[in-house]
Amino acid sequence: MNQKFISNVFTSTLLIGGLVVSSLQANAAGFHEGLNNNGKTISSAKFYEVLAKTKMDHLGYNFGKPDEIQTLKDISGASVGSVWVYRDAVQKDNSKQDAHFVIIDGKLQYATLSNAS
């Protein structure tokens with residue numbers, strides 16, 4: 001089979017699995033770590049602490065269902081990955097930030113924080 005096809009199937013399986021697991025324990029109102037923190041923001045220090053301990057197959061469990069999933073495409077238009085977006089999820093100073101997780105070929109490439117949109 002084609003390596004790219006297998007990679008796309010694997011990525012899709014991880015995304016769907018993460019969403020299924022997260023839908024059992026979270027909503028899209030923000031991050032959580034345990035049921036009592038559902039929908040609350042976390043500090044940027046806590047964000048990076050949890051991120052450092054998170055394996056790719058636990059991304060949905062540790063951070064919940066994303067508010068938005070954006071598809072990443074290459075120049076030819078083929079899907080190569082996705083970006084999970086969590087709105088107003090991280091508290092920094094006196095403002096809230098959005099968290100973005102970039103997933104390419106089934107691997108978490110990087111996570112960023114940006115001003116809330």
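Index from 1, following the sequence. The analysis underlying the following values was restricted to heavy atoms, covering all of them including side chains, and did not include hydrogens, waters or symmetry mates.
Not a single side-chain hydrogen bond (donor to acceptor under 3.5 Å, both in side chains) links Ser95 to another residue, sequence neighbours left out. With sequence neighbours excluded, the residues satisfying side chain to side chain contact (heavy atoms under 4.5 Å, CB included) with Ile104 are Leu72, Val102, Gln109. Residues meeting the side chain to side chain contact (heavy atoms under 4.5 Å, CB included) test with Lys73, sequence neighbours left out: Thr71. Partners of Glu68 according to the salt bridge (charged side-chain N to carboxylate O under 4.0 Å, His left out) rule, which considers only residues two or more places apart in sequence or in another chain, are Arg87. Under the side chain to side chain contact (heavy atoms under 4.5 Å, CB included) criterion, Asp74 pairs with Lys4, Ser76, Ala78, Val80, not counting sequence neighbours. Annotation: salt bridge (charged side-chain N to carboxylate O under 4.0 Å, His left out) contacts of Lys55 (sequence neighbours excluded): none. Qualifying side chain to side chain contact (heavy atoms under 4.5 Å, CB included) partners for Thr112, counting only residues two or more places apart in sequence or in other chains: His100, Tyr110.
Scanning all heavy atoms of the two residues, the minimum distance from Ala111 to Phe101 falls at CB-CD2, 3.6 Å.
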Could you walk me through whether Leu113 and Tyr48 pass the side chain to side chain contact (heavy atoms under 4.5 Å, CB included) test, one step at a time? CA-CA 10 Å; Leu113 298 176; Tyr48 288 114; 3.7 Å; yes

Intermediate values then yes/no, side chain to side chain contact (heavy atoms under 4.5 Å, CB included), Gln70 and Val85: CA-CA 8 Å; Gln70 302 169 348; Val85 181; 4.0 Å; yes

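Note that the CG atom of Leu51 and the NZ atom of Lys46 stand 12.5 Å from one another [nearest 0.5 Å]. Taking CG of Leu59 as the start and CD1 of Ile103 as the end, the distance is 5.5 Å to the nearest 0.5 Å. Taking OG of Ser44 as the reference point, atom CD of Gln97 lies at 7.0 Å (rounded to 0.5 Å). Taking NZ of Lys65 as the reference point, atom CH2 of Trp84 lies at 11.0 Å (rounded to 0.5 Å).
Counting only residues at least two apart or in different chains, salt bridge (charged side-chain N to carboxylate O under 4.0 Å, His left out) contacts with residues 76-85 are absent.
Aromatic ring pairs are classed by plane angle as parallel below 30°, tilted from 30° to 60° and perpendicular above 60°; the pair Phe63 and Phe47 is tilted.
Donor-acceptor pairing under 3.5 Å is lacking for the side chains of Asp98 and Ser114.
Residues Leu108 and Val90 are members of one and the same hydrophobic cluster, defined by side-chain heavy-atom contacts under 4.5 angstrom among Ile, Leu, Val, Met, Phe, Trp and Tyr.
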